[in-house]
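One structure is given here, and the rest of the page talks about it.
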Number of protein chains: 2
Amino acid sequence: MSHSPNAEALTQRLADSGLRATPQREVVYDVLLQKRDHPTADEVFARVKSEMPTISLATVYNCLETLVQCDLVRAVNFERGPTRYCPNLRPHAHFHDEKTGRTYDIELPPAILQTVNTVLPSGFDASSVEITFRGQASAKVANRE
Amino acid sequence: MSHSPNAEALTQRLADSGLRATPQREVVYDVLLQKRDHPTADEVFARVKSEMPTISLATVYNCLETLVQCDLVRAVNFERGPTRYCPNLRPHAHFHDEKTGRTYDIELPPAILQTVNTVLPSGFDASSVEITFRGQASAKVANRE
DNA sequence: AGTACGAATTAGAATAATTCTAAGAAGCCA
DNA sequence: TGGCTTCTTAGAATTATTCTAATTCGTACT
Ligand SMILES: [Mn+2]
Ligand SMILES: [Mn+2]
Ligand SMILES: [Zn+2]
Ligand SMILES: [Zn+2]
């Protein structure tokens, strides 16, 4: 059938949480995988509408939250800007380009994460760490996309 | 005369930016220094009102923004919660306790910051890094305050 | 196939934090 | 003191997100 290649993994993860793989959830997830530029909910909405013109913004928010809950997508925040969504599940930091507003994934070797955790005094038990860079990316990097 | 001990540094920093040291700015800054628990604007407003009952919330927001601009205070965000304010100017990470909602400062040795910066591929020029832990702090830590 | 019933979607209202607007008060200096 | 600029203030506006309540959908019996 006309399943996208990722529908299977999605269906599985949703089922694990007792949820259904609906067309809306599939198209939202596909959109995130197709252009991994950390879009906002509004941007996802715009992209999804071209494939499914009847979808509502509320549903996009619902689907995104569901995907985050199932650990298929990460929600990413910079200051008080709108939440952005990232389907990269590997441990990674984010680099926010102040000039362009673009967001880049920065892979994080496990050794670095371990090192970072050494700063925690005893009594602090961290379940997650988030590392965010802010600065400027060169044109070369921007074109690499 | 009845200057708080920090009024001097504040006045200097403000003057450096061509701004005045007003009573509102002084009391907002004092409140931040007196209880370094990363209060929100609303919390700052409540604390300031007891000293200066006529101050407005808009002014608290204005003062906080001014202090951030002058690099006397850091704005700290967790997910989409209200912005919190921190007068600790040393390089530090934040630990957000998921159970209590409390925020702790985690000192960051310069060596760690350098190590973290090594994850950036060439072409990425970071002007700042932010490290945020999420997890649980022990009762011992909570009492240490 | 038809019915029941929880899950999911939808449009629009509501909310929360923050920013904006416009008017007045205060500070500074000639 | 007058003139100019900065600062404060109340309230309106904005923005992103969540909530509400009504439909629609999907699945599981019968
Ligand atoms: Mn930006
Ligand atoms: Mn929390
Ligand atoms: Zn990412
Ligand atoms: Zn802090």
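Order of the sequence lines sets the chain letters (A, B, ...), proteins ahead of strands, with each chain counted from 1.
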Taking distance alone, no hydrogens or angles, what donor-acceptor pairs closer than 3.5 Å link side-chain atoms of residues 110-120 of chain B to residues at least two apart or in another chain?
{"unit_1": "B:Thr115", "atom_1": "OG1", "unit_2": "B:Ala111", "atom_2": "O", "d": "2.9"}
{"unit_1": "B:Asn117", "atom_1": "ND2", "unit_2": "B:Leu113", "atom_2": "O", "d": "2.9"}
{"unit_1": "B:Thr118", "atom_1": "OG1", "unit_2": "B:Thr115", "atom_2": "O", "d": "2.4"}

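Note on residues 117-133 of chain A: pairs passing salt bridge (Lys or Arg N to Asp or Glu O under 4.0 Å), not counting sequence neighbours, are A:Glu130-B:Arg134. Among residue pairs with one or both ends in residues 100-145 of chain A, those qualifying as ring-ring contact (aromatic ring centres under 6.0 Å, His included) are A:Tyr104-B:Phe124, A:Phe124-B:Phe95, A:Phe124-B:Tyr104; sequence neighbours excluded. Residues in residues 43-69 of chain B take part in these salt bridge (Lys or Arg N to Asp or Glu O under 4.0 Å) pairs, two or more places apart or across chains: B:Asp37-B:Arg47, B:Glu43-B:Arg84.
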> Reading nucleotides 21-30 of chain C from the 5' end, what letters show protein touch, with B for base, S for backbone sugar-phosphate only, - for no heavy atom under 4.0 Å?
Replying inline: ------S---

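In terms of phosphate contacts, A:Thr59 brings no side-chain nitrogen or oxygen within less than 4.0 Å of OP1 or OP2 of C:dT9.
Here A:Phe45 pairs with nothing under the ring pair (Phe, Tyr, Trp, His ring centres under 6.0 Å) rule; sequence neighbours left out. A:Arg102 meets the salt bridge (charged side-chain N to carboxylate O under 4.0 Å, His left out) test with A:Glu145; sequence neighbours excluded. Considering only residues two or more places apart in sequence or on other chains, B:Asn62 meets the side chain to side chain contact (heavy atoms under 4.5 Å, CB included) condition with none of them. By the side-chain hydrogen bond (donor to acceptor under 3.5 Å, both in side chains) test, B:Thr66 pairs with no residue at all, sequence neighbours left out. For B:Tyr61, the ring pair (Phe, Tyr, Trp, His ring centres under 6.0 Å) criterion is met by no residue, not counting sequence neighbours.
With rounding to whole Å, A:Asn77 atom CG is found 15 Å from C:dA17 atom P.
Looking at residues 38-52 of chain B, you'll see that no heavy atom sits under 4.0 Å from any atom of DNA chain C.
For DNA chain D, the span of nucleotides reached by chain A at under 4.0 Å from its heavy atoms goes, 5' to 3', from D:dA16 to D:dG26.
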